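In this text the structure is predicted, and so the values were computed from the model without any measurement. These values consider heavy atoms only, across backbone and side chains, with no hydrogens, waters or symmetry-generated copies. Each chain gets a letter, A, B and so on, in the order the sequences are listed, and its residues count up from 1.
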2 protein chains.
Amino acid sequence: MRELASACYRLLQNRTVFHTISIRVLPGFGQLYPSKDGGSAMFLTSNRIHGYEIARATELGEQSCLHTLFARQPVEHLTPGQSLFFEGDSAKHVFDVIEGTLRIFRIISDGRRIITGFVHAGDIVGVSLKGNYLYSAEAITATKVRRLTRKAFDMAVADSEELRPQVFAHVCDEMAAAQDQMVLLSCKNAEERLCSFLLKYLRRTMSEGALQPIVDLPMTRLDMGDYLGLTIETVSRTITKLTSKGVLGPAGRHSLRIIKPATLAQLAGDGDEYEDSRRDFVVHGERRRH
Amino acid sequence: MRELASACYRLLQNRTVFHTISIRVLPGFGQLYPSKDGGSAMFLTSNRIHGYEIARATELGEQSCLHTLFARQPVEHLTPGQSLFFEGDSAKHVFDVIEGTLRIFRIISDGRRIITGFVHAGDIVGVSLKGNYLYSAEAITATKVRRLTRKAFDMAVADSEELRPQVFAHVCDEMAAAQDQMVLLSCKNAEERLCSFLLKYLRRTMSEGALQPIVDLPMTRLDMGDYLGLTIETVSRTITKLTSKGVLGPAGRHSLRIIKPATLAQLAGDGDEYEDSRRDFVVHGERRRH
DNA sequence: CGTAGAGTTGATGGTTTTCAATTTAGGTGG
DNA sequence: CCACCTAAATTGAAAACCATCAACTCTACG
């Protein structure tokens with residue numbers, strides 16, 4: 001019953017929409033799951049069959065990248081704020097994000113939330129797990145995903161010499177990201193954290209062939225704060241500071257124009273230098289902590 | 001050298017049994033490593049052959065846990081402070097730690113060091129990587145390790161239905177540890193961080209069947225600080241505070257006696273409660289940050 | 001047009017860092 | 001075996017950075 005209470009609390013904390021989601025209690029676990037829209041039962045039962053089919057298809061030598069595994073799965077739509085799965089749920093599915101952005105987070109006992117990552121179109125969620133999800137996943141924007149049962153996914157991967165290294169590489173990337181995040185949280189100040197964050201998004205944006213150095217930040221300030229280990233006020237203040245320094249410029253509510261990418265990279269304080277790091281000339285006297 | 005390798009490969013295909021290994025040639029370096037087990041005219045060159053050997057051994061139904069892969073490798077000794085490998089090195093080996101403790105860390109541009117983990121006897125290092133090491137590894141105490149080339153390791157794993165899930169589980173554990181660390185660094189104060197740290201060690205110690213709740217901390221305060229995202233002064237002060245609260249007691253320079261494990265668990269502020277959390281009765285008014 | 005949520009800005013205080021001095025432990029050589 | 005020396009650990013005082021509290025503005029949306 002205590003678990004029930006804390007789960008309710010969590011749902012409240014997560015701002016899960018109450019008026020549209022009915023709650024059902026699953027036997028055995030005592031945990032709350034918001035049930036999805038009516039059709040989901042059909043999806044769930046058909047997944048396994050799809051999985052087998054796909055596994056056989058790849059055996060037969062079809063083009064096999066991880067995403068193709070999901071190609072035949074039905075597309076599911078998530079509205080902003082809707083949950084995909086919860087921390088502690090048994091990890092029954094793997095998801096391919098087709099469109100939109102999700103936040104990946106944990107809630108600790110006293111209600112604080114830690115966002116451990118954001119997931120974007122093209123990413124796959126739920127691979128590096130055994131047993132239960134280590135975190136919850138929630139849509140930030142309108143999101144489209146395809147799901148595959150873990151069983152189907154694992155079988156397809158186990159049977160394919162081609163896929164296995166891809167999964168391994170994926171896990172390694174996740175690990176590397178976690179390491180970077182630990183560095184960021186361990187010993188960077190607010191400005192460095194924000195710059196690292198923006199830089200990551202800038203690189204993503206530019207590598208996608210964007211013409212302008214404008215990063216789209218679909219998440220709220222609270223999300224950014226919970227990701228960077230800062231409060232919304234500090235995030236806001238730091239953005240203001242960077243703007244007044246001329247590093248950033250406003251570009252709409254959920255976008256930022258990066259005016260001086262090189263300065264941003266310097267301020268981020270990573271070891272790896274941005275290619276054109278010496279291009280813009282700025283005095284920045286800070287350096288502290290530890 | 002290549003000819004030598006292929007000759008050995010042929011030998012292996014002819015089912016020539018390699019029982020004793022006297023000399024190991026590391027790929028790329030042509031460096032010679034004498035083996036511990038004595039007298040032997042036989043040698044192997046390419047580690048690839050090692051892989052086959054081990055893979056065949058497991059196929060033949062031998063006990064196969066990850067450690068057994070390393071069983072025949074020579075034992076290497078590291079003195080305190082000695083490096084095992086460096087961040088950025090191409091990740092050519094996987095290591096099995098037999099004895100001692102290592103620190104796993106990264107150094108960022110301005111010289112700050114972040115310890116992302118400690119590695120103890122029984123752990124395996126260097127699995128969750130593709131290409132290059134993401135971190136450096138350095139012995140804290142006198143340490144014994146066995147190494148296997150990544151190639152040999154990967155091949156053994158790829159060929160074994162039994163080993164693959166073990167590697168996957170290992171990676172998942174690492175991932176879970178990284179997540180926990182991110183939570184710790186994101187939103188715990190000094191006391192909570194230290195308590196979490198000590199609790200982890202206490203659990204390890206007790207699960208190893210220790211009779212007394214005394215945790216051995218081979219690392220220095222600086223190591224602890226760099227791991228917990230604190231300075232040595234803060235670490236020291238927090239230990240003093242916990243001692244004056246009666247939670248800890250001194251037990252030698254590199255050991256601490258945990259007098260009130262339940263209080264320690266409460267102060268750690270994790271969601272998961274220690275079984276006997278309500279056993280000792282202490283007022284602790286703190287709760288802050290975020 | 002009005003409300004609610006998100007974002008900004010300001011003032012204040014607390015935790016931890018930083019700087020500095022001191023104590024303790026560990027190792028070496030006489 | 002003890003004195004000495006160095007590195008590690010502790011303790012104190014001041015400052016810095018960020019969190020907290022609070023008031024306010026802005027935007028989106030019905």
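When heavy atoms are screened at a 4.0 angstrom cut-off, B:T220 is found touching the sugar-phosphate backbone but no base atom.
Across its full length, the helix from C:dC1-D:dG30 to C:dG30-D:dC1 shows an angle of 40° between the axes of its 5 terminal pairs at either end, rounded to 10 degrees.
When the C1' atom of D:dT11 is taken as reference, atom NZ of B:K241 falls 15 Å away, rounded to whole Å. Straight-line distance from the CZ atom of A:R221 to the C1' atom of D:dC26: 12 Å, rounded to whole Å. Going from atom CD of A:E233 over to atom P of C:dT9 covers 12 Å, rounded to whole Å. As a whole-Å value, the separation of A:I239 CD1 from D:dC18 P is 14 Å. At whole-Å resolution of the value, CD in A:E192 and C1' in D:dC18 are 14 Å apart. Between the P atom of D:dA13 and the CZ atom of B:R237 lies a distance of 11 Å, rounded to the nearest Å. As rounded to whole Å, 15 Å separates atom P of C:dA20 from atom CD1 of B:I232. The CG-C1' distance, from B:L222 to C:dT17, rounds to 14 Å in whole Å.
For A:T231 and D:dT20, the shortest distance from a side-chain N or O to OP1 or OP2 is not below 4.0 Å. Put simply, A:T234 has a side-chain N or O that comes within less than 4.0 Å of OP1 or OP2 on D:dA19.
In this structure A:Y201 satisfies the side-chain hydrogen bond (donor to acceptor under 3.5 Å, both in side chains) test together with A:H120, sequence neighbours excluded. Residues forming a side-chain contact (heavy atoms from CB on, under 4.5 Å) with B:E87 (at least two apart in sequence, or on another chain): B:R106, B:S136. Judged as a side-chain hydrogen bond (donor to acceptor under 3.5 Å, both in side chains), and not counting sequence neighbours, B:S236 has no contacts.
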Taking only N/O atoms, report every protein-nucleotides 25-27 of chain C pair under 3.5 Å with atom names and distance.
none

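Ion pairing of A:D110 with B:K188 is absent here, as no side-chain N (NZ or NE/NH1/NH2) approaches a carboxylate O to less than 4.0 Å. At a threshold of 4.0 Å, the pair A:K245-A:E191 counts as salt-bridged, since one of the basic side-chain nitrogens sits closer than that to a carboxylate oxygen. Using a cut-off of 4.0 Å between Lys/Arg side-chain N and Asp/Glu carboxylate O, B:E192 and A:R112 are scored as salt-bridged.
For residues 213-235 of chain A, the ring-ring contact (aromatic ring centres under 6.0 Å, His included) pairs, not counting sequence neighbours, are A:F118-A:Y227, A:F197-A:Y227.
Aromatic ring centroids of B:F95 and B:F85 lie under 6.0 Å apart.
Relative to the side chain of A:N189, the nucleotides C:dT16, C:dT8, D:dC18 differ in distance, and D:dC18 lies closest.
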> Taking it one step at a time, do A:E208 and A:R204 satisfy salt bridge (charged side-chain N to carboxylate O under 4.0 Å, His left out)?
Replying inline: CA-CA 6 Å; A:E208 282 167 0; A:R204 244 180 67 86; 3.5 Å; yes
